[in-house]
Amino acid sequence: MFETLETHMCFGGSLKICRHPSAATGTGMRFSVFTPAGPGPFPVLTFLSGLTCTEENFTVKAGAYKKAAELGLMIVAPDTSPRGDGVANDAAYDLGQGAGFYVDATEAPWAPHFNMYSYITRDLQDILFAQFPGDRKRQGISGHSMGGHGALTLALRNPDLYRSVSAFAPIVSPSTVPWGEKALAAYLGPDQSRWRAHDACCLLADGVGRGAFDDILIDQGSADNFLEPQLQPHLFTQAAAEAGQKVTLRLQEGYDHSYYFISTFMDDHLEFHAQRL
Ligand SMILES: N[C@@H](CCC(=O)N[C@@H](CS)C(=O)NCC(=O)O)C(=O)O
């Protein structure tokens, strides 16, 4: 059953926190949705958050809704994994609940619930357009860190669903950095050939999504603790150059990995998407 848990007026529109059952995860899933004033249908931006986040982090910290109201953009921010007592978990912050990595897990104990790829591209879509005045044909996707990885990989694989894509401090090469190696091995097993469909650099090298996006906007803080060990955006610009994909990578001097960084450049991303939707 679809439930609206909270409704708040916000910049003339509405911000709702919702919960609904998902067949993909076999759990209830929460998301927030901002709907601008007016009847719609509105273009829709999905924002995928990073490790340790719920739907709440973006909603309260990204500062997106003033500009979204001006642009007439709907924004949906889903949770980052299935949750609950009957759902597998790990003591570490970078695996299990809060760390779904936007894949469909094939391995025990994750496979029954950790199907965030299907959740975002199928179940969230179905409930969103059944309940809210979004325009299914005008959608973009963005995200942060693990969610930047989700945005890039979901967009490249589903250009029929998403017309625009951007990211903040994304994990662009999960197959070669510790966060991604750990999660992909756990969720998809040790055969690295099965990781390629969930690695933005590999997708570019494999020609997936070729020609679909005129540009991909990426912001990265130069003072981000995770820049060298986990993020390495130059790997994405290299892969993009080889694939003929335009990428606008902006190294933002002095900014870290936090939502203070995200909120500083959020308006630019919303305008980037609005121009394309
Ligand atoms: N807790 C981790 C860091 C996790 C982290 O930085 N998460 C980012 C996404 S990768 C985030 O958005 N955290 C929540 C927030 O800042 O609101 C650590 O201590 O190393």
Side-chain angles (χ1 to χ4, degrees), residues 1-8 10 14-35 42 44-62 64-65 74-90 93-134 136 139-155 157-158 161-162 183 186-188 198 259:
M1 183 189 58
F2 173 80
E3 294 170 273
T4 300
L5 305 173
E6 291 178 34
T7 302
H8 307 278
C10 181
S14 79
L15 188 281
K16 291 180 191 279
I17 311 295
C18 305
R19 183 168 57 203
H20 69 116
S22 160
T25 67
T27 65
M29 292 296 294
R30 290 166 65 117
F31 62 86
S32 77
V33 59
F34 172 76
T35 309
F42 302 105
V44 179
L45 179 68
T46 299
F47 191 93
L48 305 180
S49 285
L51 292 167
T52 73
C53 291
T54 68
E55 76 291 343
E56 190 178 27
N57 299 70
F58 173 89
T59 307
V60 304
K61 290 165 123 180
Y65 302 131
M74 183 180 288
I75 305 184
V76 58
D79 200 352
T80 58
S81 80
R83 294 179 194 274
D85 290 342
V87 176
N89 202 3
D90 190 278
Y93 76 93
D94 54 3
L95 192 66
Q97 298 185 32
F101 266 85
Y102 308 101
V103 304
D104 286 348
T106 55
E107 304 303 296
W110 312 107
H113 300 292
F114 281 74
N115 296 307
M116 288 300 288
Y117 180 88
S118 291
Y119 172 66
I120 301 293
T121 58
R122 191 191 68 201
D123 294 358
L124 179 64
Q125 292 277 306
D126 289 347
I127 199 73
L128 191 66
F129 294 105
Q131 297 289 340
F132 296 94
R136 206 184 256 272
Q139 295 195 70
I141 189 163
S142 184
H144 171 226
S145 197
M146 174 184 75
H149 142 77
L152 294 171
T153 54
L154 267 54
R157 291 179 60 179
N158 298 278
L161 216 50
Y162 306 112
Y187 296 143
L188 303 176
H198 299 285
Y259 271 85

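All values derive from a computational prediction rather than experimental measurement.
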(request) Look up atom OG in S14 and atom NE2 in H8, then write down how far apart they are to the nearest 0.5 Å. (result) 10.0 Å
(request) Working to the nearest 0.5 Å, report the span between OG of S49 and NZ of K61. (result) 10.0 Å
(message) When you compare the side chain of I75 with that of F58, does any pair of heavy atoms fall below 4.5 Å?
(response) yes
(message) Working to the nearest 0.5 angstrom, can you tell me the gap between N57 CG and L51 CG?
(response) 11.0 Å
(message) Quick check: closest heavy atoms across Y102 and G147, and the distance to 0.1 Å?
(response) CE1-CA, 3.6 Å
(message) Give me the atom names and distance for the closest heavy-atom approach of V33 to C18.
(response) CG1-SG, 4.4 Å
(message) Filter on salt bridge (Lys or Arg N to Asp or Glu O under 4.0 Å), then keep only pairs touching residues 117-130, sequence neighbours left out; what's left?
(response) D126-R136
(message) Can you see whether Y117 engages N158 through a side-chain donor-acceptor pair at a distance of less than 3.5 angstrom?
(response) yes
(request) Please name the pair of heavy atoms, one in A151 and one in S142, separated by the smallest distance, quoted to 0.1 Å. (result) CB-C, 3.5 Å
(request) Side-chain contact test, heavy atoms from C-beta onward, threshold under 4.5 Å: evaluate it for Y162 versus T121 and give yes or no. (result) yes
(request) Look up atom CZ in F129 and atom CG in L124, then write down how far apart they are to the nearest 0.5 Å. (result) 8.5 Å
(message) What's the separation between atom CG in L45 and atom CE in M74, rounded to the nearest 0.5 Å?
(response) 11.5 Å
(request) Kindly write out the residues that satisfy side chain to side chain contact (heavy atoms under 4.5 Å, CB included) with N115, not counting sequence neighbours, or none if the list is empty. (result) A24, D104
(message) So which atom in L48 and which in G150 form the shortest heavy-atom distance, rounded to 0.1 Å?
(response) CD1-C, 3.6 Å
(request) Verify whether the ring centers belonging to F31 and H20 lie closer than 6.0 Å. (result) yes
(message) Can you confirm whether M116 sits close enough to Y187 that some side-chain heavy atom of one is under 4.5 Å from a side-chain heavy atom of the other?
(response) no
(message) For L95 versus A183, what's the shortest heavy-atom pair and its separation?
(response) CD1-CA, 4.0 Å
(message) Quick check: do V87 and Q97 have side-chain heavy atoms less than 4.5 Å from each other?
(response) yes
(request) Write down the atom of H113, the atom of T27, and the distance for their closest heavy-atom approach. (result) ND1-CG2, 3.7 Å
(message) Against R30, only a single residue in E56, E55, E6 fulfils salt bridge (Lys or Arg N to Asp or Glu O under 4.0 Å); can you say which?
(response) E55
(message) Below 30° counts as parallel, above 60° as perpendicular, anything between as tilted: where do the rings of H149 and F101 land?
(response) tilted
(message) Please tell me whether H144 and Y259 form a close aromatic pair, meaning their ring centres lie under 6.0 Å apart.
(response) yes
(message) Taking C53's backbone N and O only, do any of them form a donor-acceptor pair with T80's side chain (distance below 3.5 Å, no angle check)?
(response) yes
(message) To the nearest 0.5 Å, what is the distance between CG on L128 and OG1 on T46?
(response) 7.0 Å
(request) List the steps, then state whether side chain to side chain contact (heavy atoms under 4.5 Å, CB included) holds for T59 with Y65. (result) CA-CA 9 Å; T59 307; Y65 302 131; 3.7 Å; yes
(message) Quick check: do D90 and W110 have side-chain heavy atoms less than 4.5 Å from each other?
(response) yes
